[in-house]
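Since the structure comes first, as structure tokens, the remarks are kept for the end.
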Amino acid sequence: MAGRGSIIEKGEGKWLVRVFVGRDGSGKRRYRSKAVQGGKRAARKALTALLAEKDAGRLPLVRPSATVDEWLDVWLETVARPSVRERTFWDYEADLRRYARPHLGGGRLDRLTPADVRRWLVRLREQGLGARTIKRAHATLRAALEEAVSDGLLRDNPARARLVRKALPSVEPSEPATLGEADIEPFVDACTSDPLGALYMLMGFGGLRPSEALAVRWADLNGDTVSIRRVAVDKPGRPLHYAPPKTAKSRRAVVLPEVVVHELAAHRKRQAAERLAAPEWEDGDLIFADERGAPLRQDPVRRRWNRLRDAVGLPPGLTPYGLRHSAATMLLAAGVPLKIVSERLGHSTITLTGDTYSHVHESMQREAADALQRLVDG
């Protein structure tokens with residue numbers, strides 16, 4: 001059993017058997033130990049039992065007496081990181097670090113109660129956090145504690161209790177700000193005079209996500225068609241890098257209207273001039289890059305867009321992601337079939353598209369009813 005466990009003599013007829021169970025989120029080696037009294041045969045028997053529990057997956061990295069913080073470390077590294085995309089993992093890590101750990105992290109895991117979780121939710125509301133943020137933080141904690149139940153560290157998940165569910169804030173459905181018909185002309189005029197105008201048009205008329213638009217290369221553009229093959233993973237405080245699209249449907253080709261193709265051609269000429277003037281150029285073939293060819297990050301792009309939006313008088317609250325919504329809304333309002341719109345957006349299912357833009361469908365239903373009535377009236 002060397003290497004799998006050890007027996008340590010602690011005195012006359014006293015033994016400590018110890019089994020290595022893995023490393024926690026900080027890389028620290030974790031062991032499960034048991035004190036045994038009697039002869040060495042009893043110690044060997046106890047070690048065999050511990051090893052059998054480990055092999056059966058019944059020896060978690062932490063004891064029930066561990067702190068919530070210790071369990072969250074283990075959950076992030078051994079459960080979340082191997083099973084979700086990197087962007088999702090860092091969202092989980094940030095939610096726990098910002099919202100759950102400061103209030104709950106120091107307490108014992110096995111003493112965490114629904115009342116503790118409810119008080120935590122109340123504190124988050126008192127801090128002025130929005131309902132969506134609170135519900136997301138709760139969902140992350142609930143998932144971590146659910147795994148503790150599976151590992152036998154908790155009998156029940158305190159984040160699932162009825163007392164806690166009643167304390168969760170309700171999220172009022174809201175329609176994102178989008179471009180209206182009267183906004184199209186000022187939007188196009190503003191884009192033609194802005195160095196990043198082609199980027200805004202790609203989202204506003206192509207329906208690309210910001211992470212997709214900032215990752216496209218000139219090699220991805222073929223005439224009037226742009227192929228989405230990757231996304232920019234941009235998390236605050238971490239190096240920007242690229243990853244495959246989240247779903248198979250997100251990997252797609254989008255045919256662009258002439259106005260976007262024309263603006264991309266003008267953008268390419270400007271970029272060629274910048275490249276000649278730059279002392280050094282980071283050649284990543286990016287369509288949208290800074291004056292040295294380096295990737296653009298989402299926060300500066302968002303701030304630049306906000307200034308342009310407000311200067312032109314476009315709808316308040318219209319975000320770069322709202323430009324993507326604008327593309328979908330305009331297409332549906334123009335009568336483009338839902339399936340085509342879903343394919344252009346890269347949605348995983350047509351149902352997702354229908355649910356997201358149900359407000360547009362309602363107005364189209366009214367128009368359809370009016371059209372039928374006109375036929376009846378002659």
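None of the values given here were measured: they were computed from a predicted structure. We number each residue from 1, following the sequence as shown.
A cation-pi arrangement is present between Arg268 and Trp218 under the rule of less than 6.0 angstrom and at most 45 degrees off the ring axis. Stacking of Arg125 on the aromatic ring of Trp120 is not recorded, the 6.0 Å distance cut-off and the 45° axial limit not both being met.
Using modelled atom types, one finds no donor on one side chain facing an acceptor on the other under 3.5 Å when comparing Asp234 with Gln298. Side-chain contact annotation: Asn306 with Arg309, donor-acceptor N/O pair under 3.5 Å present. With hydrogens and angles left out, the side-chain atoms of Asp116 and Thr113 include a donor and acceptor closer than 3.5 Å. A donor-acceptor contact under 3.5 angstrom links the side chains of Thr247 and Ser250, judged on distance only.
Two rings, from His138 and Tyr99, have their centers 6.0 Å or more apart. Remark: aromatic rings of Tyr92 and Trp75 are close, center separation under 6.0 Å.
Using a 4.5 Å heavy-atom threshold, the side chains of Thr225 and Val254 count as separate. At least one side-chain heavy atom of Ile184 sits under 4.5 Å from a side-chain heavy atom of Met330. For the pair Arg275 and Asp283, the minimum side-chain heavy-atom distance is below 4.5 Å. Side-chain contact between Thr329 and Leu179 is absent, with no heavy-atom pair separated by less than 4.5 Å. Counting heavy atoms from C-beta on, the side chains of Arg155 and Val149 never come closer than 4.5 Å. Side-chain contact between His347 and Lys249 is absent, with no heavy atoms from C-beta onward closer than 4.5 Å.
Put simply, CG on Leu214 and CG on Leu240 are 8.0 Å apart, with the number rounded to the nearest 0.5 Å. Here the straight-line distance linking atom CG of Leu168 with atom CD1 of Ile134 works out to 8.5 Å at 0.5 Å rounding.
Taking the charged nitrogens against the carboxylate oxygens, Glu212 and Arg251 have no contact shorter than 4.0 Å, which rules out a salt bridge.
Of the possible polar contacts, none joining the Arg302 side chain to the Pro320 backbone as a donor-acceptor pair under 3.5 Å is found. For Glu70 (side chain) and Thr67 (main-chain N/O), a donor-acceptor pair under 3.5 Å exists by modelled atom type.
Screening Leu308, Leu314, Val312 for a side-chain contact (heavy atoms from CB on, under 4.5 Å) with Phe187, the sole residue that qualifies is Leu314.
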